[in-house]
Number of protein chains: 2
Amino acid sequence: MLDQTGSTETIGEKTYRRIRSDIIFGRLAPGQKLRLERLSTQYETSIATLRELLNRLLVEGLIVAEGQRGFEVMPVSADRWHEIAAMRELLEGHALRQSIESGDVEWEGRVVAAHHKLATLEKQLLSGDRSQTETWKRYDWEFHHALISCCGSKALLDAHSAIFDKYLRYQIIAVVFRGEAAAREHRELLKAALKRDADAAADVLVKHIRDCVQHTIKSGALAS
Amino acid sequence: MLDQTGSTETIGEKTYRRIRSDIIFGRLAPGQKLRLERLSTQYETSIATLRELLNRLLVEGLIVAEGQRGFEVMPVSADRWHEIAAMRELLEGHALRQSIESGDVEWEGRVVAAHHKLATLEKQLLSGDRSQTETWKRYDWEFHHALISCCGSKALLDAHSAIFDKYLRYQIIAVVFRGEAAAREHRELLKAALKRDADAAADVLVKHIRDCVQHTIKSGALAS
DNA sequence: TCATCATAGATTTTCGAATTTGCCTATTGA
DNA sequence: TCAATAGGCAAATTCGAAAATCTATGATGA
């Protein structure tokens, strides 16, 4: 998710990450038409460069292209939300089991560290300070990523990153905040991981995801 | 896999499918450098158009871009091969279970039809006629796709298509032909699907994939 | 002899404009 | 009044060339 910049970064790369982030964090609304001309002035790049990164977002499933009538931000729907959540369950659940089985002390360290950062920010959020949402989401990702980091498959990790970002998009759009419940599940996840109880961890993860989906569906933030 | 053309197809689209197919079927060798100038003359397009589709293949994981030193065809390795096979197991196995559970008669029809076409071609291949490899591979895909077509998740089907094509690439590169064994597994898959025995089907699938990987590894076609 | 730096050539990245395609409106004929 | 078609405008697609970047070669100095 939202990987950090290199020093000699191409402007196409920079704009790519910017637009990608704008989609995920809802600054570009679902279904919004992406006129090349307009984007060109807004992001200060040429149309050709824009088209390159738009093509990338296209195969990522973050935007859609309808024939030769240009691009638009991928629409959202309850159906898609369920599909994305199910994909996350499948990929992350599988990776979690593998990772817990083969993780070493180094891995435990990463998991503990990531959880510490996440828990700290969650405490802050629970006390009412909502200013750091983006950092929180990054820490959330870092924790879940740390958990599965020893799954042994780069292909699996890549697929997970991709689906996680789409999942995140729905969370942002639906303004999900499950505060204490989510924080507790994170603690349970940490505990199960350190105890090397893959079954328990997978169960918590499934609950974590399903409750989040339920929460947003009930809130009615998504047009079905 | 290799979806068919629309009538009003853009030349970028056409070239995209062409290069994609050239990579998958090994006409562009793993690790090969993709010089823009050269591709531009070879595929008769402008560099800008080329870069658009190259960016697509990039996020598909069919090519790699190293900084601003251009693109090259994704290299192959035994490790990657195992990862791709494992991903296929995970995605197709899951989709297969879902699909078998919720498939209707319509679905059974598609499965039977797809298997008939595949079996016919396999018989032809077994008799020594290797001229129709590409058609064979398409039928193989159509059969596996038909089996999982009722899984209920477009996201899952898309992810499967993507991984299947990469899997296919390794099969082609390693010149895999398991003839009778593969044909038998296809028959078993068909039988289990019609009997709605998801467990049996999943088992056959896993064997189908693992034996294929074993077969290529043993043949030593891949530099580890 | 070796490492460092500068320069030229090759390649990628970026751009602005030309071409093509799709869309909307108005006009014609029934 | 309605359907069909032509024309004009807006937008996407494609291109060729300029700008930026990398790579390889050779010169310089310790």
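A quick note: this is a predicted structure, and the numbers were derived from the prediction, not measured.
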Open item on the list: Looking at A:S153 and B:E83, would you say the former's side chain and the latter's main chain have a donor-acceptor pair under 3.5 Å?
Closed with: no
Task: Crowding at CD, B:E106 (>12 non-hydrogen neighbours, <6.0 Å) - done: no
Open item on the list: So if I define the base as every atom that isn't primed, P, OP1 or OP2, how would nucleotides 5-20 of chain C read as a B/S/- string at a heavy-atom cutoff under 4.0 Å?
Closed with: ------SSBBB-----
TODO: Could you list the residues that satisfy salt bridge (Lys or Arg N to Asp or Glu O under 4.0 Å) with B:E60, not counting sequence neighbours?
DONE: B:R20
Task: Within 45° cone of B:Y16 ring axis and under 6.0 Å: B:R56 NZ or CZ - done: yes
Task: B:S102 (side chain) donor-acceptor with B:C150 (main chain) under 3.5 angstrom - done: yes
TODO: Verify the neighbour count for atom NZ of B:K218: are there more than 12 heavy atoms of other residues, nucleotides or ligands below 6.0 Å?
DONE: no
Open item on the list: I'd like the 5' and 3' limits of the part of DNA chain D contacted by chain B, with heavy-atom contacts below 4.0 Å.
Closed with: D:dT13 to D:dT23
Open item on the list: Quick one about B:S40 and B:R35 (side-chain donor to acceptor, distance below 3.5 Å, no hydrogens or angles considered), yes or no?
Closed with: no
